[in-house]
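In what follows, a single structure is set out as structure tokens and then discussed.
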Amino acid sequence: MKRKKISGNDQAEVIFRSNRECVICSNHKRGDHIHHIDGNKTNNKFENLAFLCFDCHSDATMTGGLKKKLTPKTIMKFRDHKYQVVAIERENALKRFNSPIDGLTTEDLLTTTKSAIIIIEIEKIKEEYFSAEWTERPSIILKLNRFLDHTNFRVAVDIFNFFSIVADQTRFGMTTDVAVSIFTLTINFFPYSNKKEDDGKIFELGNECVNIAFSLIYDSIIHLKNYNIAMYGLTMLKYVHKKGKQHKIKQLGDRVLETYKEIERMLQRVGRNDLEIALRLVREFKSDLNGKNLSFPLLSDDLMKVIIQTAK
Ligand SMILES: [Zn+2]
């Protein structure tokens with residue numbers, strides 16, 4: 001059977017409707033693949049396609065073994081459900097920004113207008129970032145600091161969405177300086193509020209920060225072997241953990257702990273024997289989660305040596 005190329009539009013549609021997450025396990029960090037549900041690689045009908053991670057893809061294509069194979073029917077069920085959930089989440093996300101404006105004061109109007117202008121400015125910075133070289137990127141990111149005095153939930157969401165795309169591209173050669181800029185901005189823009197009534201939104205943003213940190217850590221270890229970037233990612237986790245405690249948002253701390261587990265699990269299962277150092281690094285940072293400040297923990301001598309060697 002000769003594979004035909006899936007049209008660009010269909011590819012985009014499959015990826016968009018599944019939110020770039022595996023339709024079975026919702027992960028998007030284990031590699032991804034557009035799977036032909038009926039096994040016929042020439043059948044590129046939209047109905048026959050599903051976005052899967054490498055793990056679930058191998059569960060769908062395996063023969064024999066003790067594990068239960070993912071059947072076409074199961075995959076379709078999961079996929080259709082995933083499309084629904086993603087669509088509903090998107091709708092809700094839009095509603096949240098759509099609060100009614102009765103009794104609008106001139107001050108409210110000023111704030112709204114300011115946010116709109118900032119959002120356009122962020123768009124410009126994004127464009128500038130993606131067309132620049134890695135060496136120019138840190139200073140482009142730091143331009144976001146100029147909005148610090150006018151930040152709010154909407155502005156923060158835009159900034160962290162931007163970072164999430166940036167972090168997803170870590171593997172393509174991110175430099176330590178870019179990671180440092182992201183780290184600095186995260187500390188400046190998260191959390192955007194100290195009010196108890198904003199806890200839900202703070203959790204949401206914190207969750208996004210955790211995802212960004214995860215990408216930085218995992219991708220820099222697996223693809224770049226740049227432990228410096230990983231250490232900034234790990235410190236981001238510590239920062240979010242700290243803020244969770246300060247604001248008494250327990251789920252935020254839990255999220256950080258779950259993420260540590262996920263990183264450890266994934267580093268162990270990649271099946272590479274060069275990840276022992278990374279695993280130790282992750283564990284030493286984990287045991288420092290409750291440390292007072294955000295400086296890197298004191299690492300064991302031999303670990304330190306390896307890290308300095310790879311930093312060159
Ligand atoms: Zn999966």
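Side-chain atoms are counted along with the backbone in the values below, which use heavy atoms only and exclude waters and symmetry mates. Here the structure is a predicted model, which means the values were calculated and not measured. Just follow the structure's listing: the first ligand is 1, and inside any ligand the first atom is 1.
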Pair F296 + Y232: ring centers closer than 6.0 Å: yes
The Zn ion (ligand 1): protein N, O or S atoms that are less than 2.8 Å away, sorted by chain: C22 SG, C25 SG, C53 SG, C56 SG
Under-4.0 Å salt bridge between D301 and K305: no
D288/K238 ion pair, N-O < 4.0 Å: yes
Full working for salt bridge (charged side-chain N to carboxylate O under 4.0 Å, His left out) between D199 and K196: CA-CA 5 Å; D199 276 4; K196 200 70 206 149; 2.6 Å; yes
Check: G291 main-chain N/O paired with K242 side-chain donor or acceptor under 3.5 Å: yes
Electrostatic pair K126-E121, nearest N-O below 4.0 angstrom: no
